[in-house]
A.B. asks: 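My questions will all concern the structure given below.
Predicted model only: the values in this text are computed from it and were never measured.
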Amino acid sequence: LLHIEQGSKVVDIFGSGGYYSELLAGVVGEDGEVWLHNNDGFEAWGINGLRDRFDKRDPGNIVRHTRSGINLDLGEETMDAAIIVMALHDIYVIPKRYNGEKYFLEQIYAALKPGSRFVVVEHAGDAAMESEEVFDLHRMVESKAISEVEGVGFRLVESSDALRNPKDD
C-alpha cells in the first residue's frame with residue numbers, strides 16, 4: 001500500500017521497537033532511508049526491541065528520530081511515504097494528553113512529497129460503541145480514522161482487509 005521502492009525515504013511513526021522500520025529498511029535498500037520516529041513514551045515501550053535491533057546488530061539504514069509529545073519534526077516534503085501501525089488511536093485515547101490531533105496529522109501531510117502515501121494500520125473499533133469506550137480498548141472506529149486523516153488533506157485511495165479478523169469481538 002505504501003508504493004515504495006529502492007531509494008525511498010519513509011517514516012515509521014511511533015514505531016516503538018522498530019520492527020516495521022527494519023522491514024521497510026529492507027525494501028528501500030542501501031540508497032533509501034527509514035526514520036524510526038518515537039516520542040519518549042513509545043521509545044520506552046519499545047526499549048527491548050530497540051536494544052536488540054541497534055545494540056546487538058546493524059539494522060541497516062534506519063535513523064532513530066525521537067522527539068517529545070506530538071512534535072514530529074519531519075520537515076516539509078521530505079518523505080516518500082509514512083506509516084503508523086496500531087498507534088493512531090493513541091493520539092485520541094486521552095485527548096487532553098496531546099490537545100492537537102489535527103496538528104499531528106498536518107505534520108505528516110506536510111512531510112510527504114506530492115503523490116506520496118500515508119498508510120494507517122489500526123485496531124478496528126465497533127462503530128456502535130461510544131468513542132470513549134472504543135479508545136479505552138485502544139482501538140479506533142474506522143470511519144473516525146478516515147475522517148480525521150482526510151480532514152487534513154489526505155484522501156483514501158486504497159484499503160485492505162488483509163488484517164481483519166471476523167472472529168474479533
Side-chain angles (χ1 to χ4, degrees), residues 1-47 49-55 57-92 98 100-124 140 142-164:
L1 295 174
L2 281 173
H3 290 227
I4 57 174
E5 54 192 34
Q6 295 274 323
S8 293
K9 187 174 180 181
V10 182
V11 60
D12 180 9
I13 300 163
F14 295 153
S16 194
Y19 176 80
Y20 290 99
S21 297
E22 191 165 2
L23 294 175
L24 291 165
V27 175
V28 302
E30 292 179 14
D31 294 331
E33 189 173 75
V34 176
W35 284 23
L36 169 54
H37 172 81
N38 281 314
N39 62 16
D40 294 335
F42 275 94
E43 184 159 296
W45 188 64
I47 195 65
L50 290 169
R51 287 182 180 142
D52 288 346
R53 200 156 270 110
F54 289 93
D55 296 348
R57 57 191 164 83
D58 178 6
N61 50 345
I62 300 174
V63 175
R64 285 178 67 177
H65 184 74
T66 305
R67 300 294 186 269
S68 63
I70 60 170
N71 175 23
L72 302 179
D73 193 25
L74 301 173
E76 292 191 21
E77 296 186 9
T78 57
M79 299 290 163
D80 297 303
I83 188 168
I84 186 168
V85 179
M86 309 300 192
L88 184 61
H89 68 271
D90 285 311
I91 296 297
Y92 301 88
Y98 294 113
E101 296 91 355
K102 293 280 189 210
Y103 172 68
F104 171 79
L105 292 168
E106 287 170 355
Q107 291 177 81
I108 298 166
Y109 187 82
L112 290 171
K113 296 174 185 173
S116 298
R117 292 204 172 192
F118 174 39
V119 169
V120 176
V121 178
E122 187 56 80
H123 302 282
M140 192 166 190
E142 186 174 1
S143 61
K144 177 162 178 70
I146 292 169
S147 69
E148 291 294 308
V149 171
E150 287 185 333
V152 300
F154 289 104
R155 63 185 176 84
L156 179 63
V157 295
E158 191 174 2
S159 65
S160 172
D161 290 338
L163 298 177
R164 289 194 192 272

A.B. asks: If you apply the rule side-chain contact (heavy atoms from CB on, under 4.5 Å), what do you find for Trp45 with Asn38, and how did you get there?
C.D. replies: CA-CA 10 Å; Trp45 188 64; Asn38 281 314; over 6 Å; no

A.B. asks: Is it true that atom CZ of Arg57 has more than 12 heavy atoms of other residues, nucleotides or ligands lying nearer than 6.0 Å?
C.D. replies: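 Correct, the count exceeds 12.
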
A.B. asks: Tell me the closest heavy-atom pair linking Ser116 and Met79, and the distance in Å.
C.D. replies: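 Smallest interatomic distance, heavy atoms only, reads OG-O, 3.4 Å.
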
A.B. asks: Which atoms form the tightest heavy-atom contact between Ser160 and Leu1, and what is the distance?
C.D. replies: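 Shortest heavy-atom separation between Ser160 and Leu1 comes out as CB-CD1, 4.1 Å.
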
A.B. asks: Determine whether Val120 and Met140 satisfy the following criterion, side-chain contact (heavy atoms from CB on, under 4.5 Å), listing intermediate values before the conclusion.
C.D. replies: CA-CA 11 Å; Val120 176; Met140 192 166 190; over 6 Å; no

A.B. asks: Surrounding CG of Leu23 (heavy atoms of other residues, nucleotides or ligands, distance under 6.0 Å), is the total greater than 12?
C.D. replies: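 More than 12 heavy atoms, drawn from other residues, nucleotides or ligands, come within 6.0 Å of this atom.
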
A.B. asks: Considering residues, nucleotides and ligands other than Tyr19, do more than 12 of their heavy atoms fall under 6.0 Å from its OH?
C.D. replies: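 No, not enclosed.
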
A.B. asks: Please answer whether the main-chain N or O of Ile70 pairs with a side-chain N or O of Asn39 as donor and acceptor at a distance below 3.5 Å.
C.D. replies: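 Absent.
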
A.B. asks: Do the side chain of His65 and the main chain of Leu72 share a donor and acceptor less than 3.5 angstrom apart?
C.D. replies: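 Side chain of His65 to backbone of Leu72: a pair is present.
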
A.B. asks: Do you know which two heavy atoms are closest between Ile13 and Ala82, and how far apart they sit?
C.D. replies: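 Smallest heavy-atom distance, with atoms named: CD1-CB, 4.2 Å.
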
A.B. asks: For Ala25 and Ile62, which heavy atoms make the closest approach, and how far apart are they?
C.D. replies: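 That closest heavy-atom pairing would be CB-CG1, 3.9 Å.
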
A.B. asks: With sequence neighbours left out, which residue pairs that include part of residues 10-21 fulfil the salt bridge (charged side-chain N to carboxylate O under 4.0 Å, His left out) condition?
C.D. replies: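 The answer is none; no pair qualifies.
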
A.B. asks: Kindly assign one of parallel, tilted or perpendicular to the pair Phe14 and Phe104, based on the angle between their ring planes and the thresholds 30° and 60°.
C.D. replies: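 Judged by the thresholds at 30° and 60°, the geometry between Phe14 and Phe104 is parallel.
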
A.B. asks: Please check if the number of heavy atoms outside Glu150 that lie under 6.0 Å from its CD is greater than 12.
C.D. replies: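 Yes, because the 6.0 Å sphere around CD of Glu150 holds more than 12 heavy atoms from other groups.
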
A.B. asks: Could you tell me if the side chain of Glu148 sits less than 4.5 Å from the side chain of Ile91, heavy atoms only?
C.D. replies: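 Counting from C-beta outward, Ile91 and Glu148 never come under 4.5 Å.
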
A.B. asks: Do Val157 and Arg117 pass the side-chain contact (heavy atoms from CB on, under 4.5 Å) test, and can you show the C-alpha distance, the side-chain angles, and the key distance before you say yes or no?
C.D. replies: CA-CA 9 Å; Val157 295; Arg117 292 204 172 192; 3.8 Å; yes

A.B. asks: On a heavy-atom basis, which atom in Leu88 and which in Glu122 lie closest, and how many Å separate them?
C.D. replies: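 Closest pair (atom of Leu88, atom of Glu122, distance): N-OE1, 3.0 Å.
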
A.B. asks: Could you give all pairs that pass the salt bridge (charged side-chain N to carboxylate O under 4.0 Å, His left out) test and reach residues 24-41, with sequence neighbours left out?
C.D. replies: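 As it turns out, the salt bridge (charged side-chain N to carboxylate O under 4.0 Å, His left out) pairs with a partner in residues 24-41, which skip direct neighbours, are Lys9-Glu33.
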
A.B. asks: Pair Val27, Leu2 - check side-chain contact (heavy atoms from CB on, under 4.5 Å), show working.
C.D. replies: CA-CA 11 Å; Val27 175; Leu2 281 173; over 6 Å; no

A.B. asks: Taking Leu74's backbone N and O only, do any of them form a donor-acceptor pair with Gln107's side chain (distance below 3.5 Å, no angle check)?
C.D. replies: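 Between the backbone of Leu74 and the side chain of Gln107 there is no qualifying donor-acceptor contact (under 3.5 Å).
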
A.B. asks: What residue pairs, at least two apart or across chains, pass side chain to side chain donor-acceptor pair (under 3.5 Å) with a residue in residues 68-78?
C.D. replies: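 Passing the test, one end in residues 68-78: Arg67-Asp73.
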
A.B. asks: As a test of understanding, state which of Tyr20, Phe54, Phe42 forms a side chain to side chain contact (heavy atoms under 4.5 Å, CB included) with Leu36.
C.D. replies: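 With Leu36 as partner, side chain to side chain contact (heavy atoms under 4.5 Å, CB included) holds for just one option, Phe54.
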
A.B. asks: With no hydrogens and no angle check, is any side-chain donor or acceptor of Glu43 less than 3.5 Å from a backbone partner on Thr66?
C.D. replies: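 No; judged by distance alone, with no hydrogens or angles, the pair does not exist.
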
A.B. asks: Working to the nearest 0.5 angstrom, can you tell me the gap between Glu22 CD and Arg53 CZ?
C.D. replies: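 Reported value, rounded in 0.5 Å steps: 4.5 Å.
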
A.B. asks: Would you give the length of the straight line joining atom CE of Met86 to atom CG of Leu163, rounded to the nearest 0.5 angstrom?
C.D. replies: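 The distance works out to 6.0 Å.
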
A.B. asks: CG/Leu156 to OG/Ser147 distance, rounded to the nearest 0.5 angstrom?
C.D. replies: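 The CG atom of Leu156 sits 11.5 Å away from the OG atom of Ser147.
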
